[in-house]
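Following: one structure in structure tokens, then a few remarks.
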Amino acid sequence: MDRHITLGEFIVENQKDFPYAKGELSGLLSSIRLAGKVVNQVINKAGLAEILGKAGQENIQGESQAKLDVMANDVFVETLRNRGEICGLVSEELEDFIAFEGDINKGAKYVVLMDPLDGSSNIDVGITVGTIFSIYRRKSEVGNKVELEDFLQPGVNQVAAGYILYGTSTLLVYTTGKGVNGFTFDPGIGSFFLSHPNMKIPEFGNIYSVNEGNYVHFPKGVKKFIKWLQELDENDRRPYTARYTGSLVADFHRNILLGGVYFYPEGTTAPKGKLRLLYEANPIAFVTEQAGGKCTNGLRRIMEIQPKELHERIPFYCGNKVLVEKAEEFLRKYD
Ligand code: P6P
């Protein structure tokens with residue numbers, strides 16, 4: 001019977017891409033797969049399990065944490081700790097990094113930075129949410145306790161990154177620097193199957209994704225870019241259309257498949273933008289570049305920026321090269 005390859009088979013088949021890894025990175029990706037299955041299962045029955053709504057806690061971002069946020073964070077932390085491939089973790093939900101110091105983590109060479117459940121404002125209304133993850137080799141000596149420097153690495157140092165999209169179907173999309181591949185979860189079998197091999201963002205796209213409710217707060221160049229997107233073309237047709245869900249993973253995944261640009265600019269209410277450099281911008285940037293797109297802060301390549309703090313925010317323009325460069329052109333001209 002002809003069937004798609006599973007994520008597990010794909011990881012093993014492509015393990016040769018990591019000369020230095022003796023299966024640790026494969027094991028790490030497998031543990032992310034497992035945690036994703038658990039989160040997916042809980043999310044799909046959230047309405048029944050009475051775990052919607054606020055957990056009554058606040059995370060580092062000062063946002064009220066939905067109960068599913070807390071659940072997702074705990075599932076990923078424990079699954080990754082127990083697999084033993086990482087020595088530390090940063091999560092949007094946690095103020096500081098976690099050092100994994102169990103015997104099983106002693107020789108671990110990797111760290112993970114993640115947003116366990118991005119787009120949580122959509123959770124209670126049944127709109128797609130996602131997990132975003134980024135994997136680095138540690139810089140400090142293997143065997144010692146993980147240090148802050150292990151997490152404050154520029155995005156170009158990522159060894160793998162990706163996202164899990166909990167939507168009409170559940171997909172795991174990731175890159176290890178050898179292209180981007182997407183796997184769709186079959187709940188009947190309990191496996192992810194290769195459904196989007198070698199993903200490439202179309203060279204041209206007609207979708208733009210931005211929260212225009214913030215228009216008055218945007219820099220002049222951003223306003224000019226948005227108006228440019230809304231102008232009629234020479235045939236009096238509207239070449240672009242707006243799509244924005246309030247969930248980065250959902251907006252990004254649609255745009256990487258159909259072509260387009262997502263941007264979350266700086267503005268008076270968000271002087272550095274809203275997205276976090278370490279566990280939203282960098283992993284999405286890695287996937288974008290591997291799929292042939294571009295990702296900048298309006299001026300510089302996101303992945304070359306040296307992080308200074310775990311939760312620092314950054315302006316974010318991501319998608320087709322043509323559209324990102326058009327945004328940069330307006331920003332240079334007006335700001
Ligand atoms: P706004 C979710 O909180 C998130 O980080 C992204 O997933 C999403 O694109 C953005 O913020 C939505 O922010 O200000 O438009 O509601």
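All values derive from a computational prediction rather than experimental measurement. Counting convention: from 1, in listed order, for ligands and their atoms alike. Side chains are part of it too, since the values below use all heavy atoms of this structure and drop only hydrogens, waters and symmetry mates. Along the sequence shown, the residues carry numbers beginning at 1.
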Can a side-chain donor-acceptor contact be found between [Y] and [X] if the only test is distance below 3.5 angstrom?
| X | Y | result |
| --- | --- | --- |
| Ser209 | Asn255 | yes |
| Ser140 | Glu149 | no |
| Gln230 | Tyr208 | yes |
| Asn73 | Ser91 | yes |

Side chain or backbone, does [X] bring an N or O within less than 3.5 Å of an N or O on ligand 1?
| X | value |
| --- | --- |
| Tyr262 | yes |
| Val249 | no |
| Tyr264 | yes |

field: Non-hydrogen side-chain atoms of Asp186 and Ser191 separated by less than 4.5 Å
entry: no
- request: Indicate the ring-plane relationship of Trp228 and Phe330, choosing parallel, tilted or perpendicular according to the 30° and 60° boundaries.
  value: tilted
message: Over 60° means perpendicular and under 30° means parallel, so tell me whether Tyr279 and His311 are parallel, tilted or perpendicular.
response: perpendicular
Can you sort out which atoms of ligand 1 are near [X], meaning under 4.0 Å from one of its heavy atoms?
| X | answer |
| --- | --- |
| Glu280 | 5 (O) |
| Asn211 | 1 (P), 14 (O), 15 (O) |
| Leu248 | 6 (C), 7 (O), 8 (C), 9 (O) |
| Tyr244 | 1 (P), 9 (O), 10 (C), 12 (C), 13 (O), 15 (O) |
| Gly119 | 2 (C), 7 (O) |
| Asp118 | 2 (C), 4 (C), 5 (O), 6 (C), 7 (O) |

- line: Note: Leu275, heavy atoms under 4.0 Å from ligand 1, region reported as side chain
